[in-house]
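Right, one structure below, let's go through it.
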2 protein chains.
Amino acid sequence: MTKNFNFTEKLRETGLRPTKQRVKICEVLFNREKTFHFTINDLAKKISEDLNEKFSLATVYNTVHAFKDKGYLKEIAINSDKSYFDTNTSSHHHFYDEDTHELIDCNKDDLDTINIKKNITGKKINSVEVLIRVASDNQNQN
Amino acid sequence: MTKNFNFTEKLRETGLRPTKQRVKICEVLFNREKTFHFTINDLAKKISEDLNEKFSLATVYNTVHAFKDKGYLKEIAINSDKSYFDTNTSSHHHFYDEDTHELIDCNKDDLDTINIKKNITGKKINSVEVLIRVASDNQNQN
DNA sequence: TCATAGATTATAATTATTCTAAACTGTTGA
DNA sequence: TCAACAGTTTAGAATAATTATAATCTATGA
Ligand SMILES: [Mn+2]
Ligand SMILES: [Mn+2]
Ligand SMILES: [Zn+2]
Ligand SMILES: [Zn+2]
């Protein structure tokens with residue numbers, strides 16, 4: 001998904017019918033400078049705020065999963081409470097702030113490229129992801 | 001948690017009352033050569049099989065969380081379906097087999113040590129974990 | 001325009017997990 | 001030794017995220 005307009009065509013090209021709901025959700029997700037991370041509830045809230053209308057929660061789930069399957073979104077595993085999604089679909093790593101429950105992309109210079117030297121035989125690697133859990137350093141709180 | 005006997009003392013030392021349930025769960029978890037990964041349901045099943053008795057599911061949850069808080073267990077984030085726990089509490093990385101839903105420890109020589117060069121300011125790093133998702137290579141299935 | 005496959009929706013169902021409150025038990029100190 | 005009490009276990013209810021259902025709606029190609 002690239003930035004700005006004509007989501008209708010983009011959707012059709014990937015075999016998804018450009019329904020009103022999908023186009024609107026595309027706008028909410030992809031019509032912006034920076035990529036971001038969200039939960040289903042974040043997105044549902046953002047939809048009703050930004051668009052001033054409310055899609056069925058089932059539609060939000062359906063759409064997010066469809067977009068994930070088509071590669072517009074990535075799912076990030078943080079914990080078993082809820083799923084996080086990422087509009088940045090490039091291979092990258094994350095900081096997870098355990099105080100604010102916020103996901104932050106690592107930059108290329110935050111850590112070296114991960115090199116898997118030995119893999120399980122007969123398996124191919126689908127993804128390699130680093131999760132760096134951080135929290136406020138209460139050692140020196142004065 | 002070290003291998004073999006006297007879990008009663010171990011539990012007491014860390015401030016946990018050595019109840020029958022906790023000692024038994026210690027035996028199931030730690031009285032073995034190799035560390036392993038499990039879900040709550042795996043463990044509940046293993047308890048009723050190995051010990052031929054059934055602890056309340058709430059007790060299994062309580063105990064696993066208590067053990068995690070005391071550092072006997074680690075929780076591994078794989079997806080939002082359920083939590084995985086690990087009796088290997090050392091810092092290490094994982095392969096996740098998306099076919100079998102099996103977690104496999106990486107060896108030290110499977111990948112280089114991860115070096116975080118830049119961290120979020122004001123935060124301390126609690127953990128750095130790599131998850132390598134693998135699946136059967138259906139390219140050459142003949 | 002029409003038929004139809006595909007989507008949306010409200011709502012119910014499912015599943016993992018946590019909460020509740022009553023009964024039970026390990027520990028401590030008289 | 002034993003009563004008292006805090007901590008623990010338990011069944012079952014509650015919660016929360018997610019998925020399933022089935023009726024209604026809509027995009028699309030003929
Ligand atoms: Mn959790
Ligand atoms: Mn999922
Ligand atoms: Zn990201
Ligand atoms: Zn492990």
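Throughout, a chain's letter reflects where its sequence line sits, starting with A, and its residues are numbered from 1.
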Checklist line | Whole-Å distance separating the NZ atom of B/K82 from the P atom of C/dT15 | finding: 10 Å

Notebook entry, point to check: Separation of A/Y84 atom OH from D/dT18 atom C1', in whole Å?
Noted result: 16 Å

Next item on the list: Please work out which residues in residues 40-48 of chain A have a non-hydrogen atom less than 4.0 Å from an atom of DNA chain C and list them by number.
Entry: none

Next item on the list: Would you please say whether a donor-acceptor pair under 3.5 Å links the side chains of A/E75 and A/S83?
Entry: yes

Item checked: Contact pattern, 5' to 3', of nucleotides 1-9 of chain D - B, S or - by protein heavy atom under 4.0 Å -> -----BBSB

Check: Does the side chain of B/H65 get closer than 4.0 angstrom to OP1 or OP2 of C/dT17 through an N or O atom?
Finding: no

Item checked: Separation of atom CD in B/E53 from atom C1' in D/dT10, rounded to whole Å -> 14 Å

Item checked: Distance in angstrom units between A/L11 CG and D/dT26 C1', rounded -> 15 Å

Note to self: Under a 3.5 Å cutoff, is there a donor and acceptor pairing between the side chains of A/T87 and A/Y72?
What the structure shows: no

Notebook entry, point to check: Should B/R12 be listed as having a side-chain N or O under 4.0 Å from OP1 or OP2 of C/dG26?
Noted result: no

Margin query: Quick check: do B/I132 and B/Y96 have side-chain heavy atoms less than 4.5 Å from each other?
Written below: no

Next item on the list: Respond yes when some side-chain nitrogen or oxygen of A/Y61 is under 4.0 Å from OP1 or OP2 of D/dT18, and no when none is.
Entry: yes

Note to self: For the residue pair B/K74 and B/F67, would you count it as a cation-pi contact if the rule is NZ or CZ under 6.0 angstrom from the ring centre and within 45 degrees of the ring axis?
What the structure shows: no

Check: Is A/D137 salt-bridged to B/K123, cutoff N-O under 4.0 Å?
Finding: no

Next item on the list: Would you check if there is a donor-acceptor pair between the side chains of B/T59 and B/N62 at a distance under 3.5 Å?
Entry: no

Item checked: Length of the CZ-P vector between B/F38 and C/dA16, whole Å -> 16 Å

Notebook entry, point to check: For B/F36, is the NZ or CZ atom of B/R32 found under 6.0 angstrom from the centre of its six-membered ring and inside 45 degrees of the ring axis?
Noted result: yes

Notebook entry, point to check: Do B/D42 and B/H37 have a side chain donor and acceptor closer than 3.5 Å?
Noted result: no

Notebook entry, point to check: Rounded to whole angstroms, how far apart are CG on A/D81 and P on D/dT15?
Noted result: 17 Å

Next item on the list: Write down the distance between CD (B/E13) and P (C/dT27), rounded to a whole number of angstrom.
Entry: 13 Å

Check: When the distance from CG of A/L57 to C1' of D/dT18 is rounded to whole Å, what number comes out?
Finding: 9 Å

Item checked: Donor + acceptor pair across side chains of B/H94, B/D105 (<3.5 Å) -> yes

Checklist line | Presence of A/S83 side-chain N/O under 4.0 Å of D/dT18 phosphate oxygens OP1/OP2 | finding: yes

Margin query: Quick check for you: among C/dT17, D/dT28, D/dA11, whose closest atom lies nearest to any side-chain atom of A/P18?
Written below: D/dT28

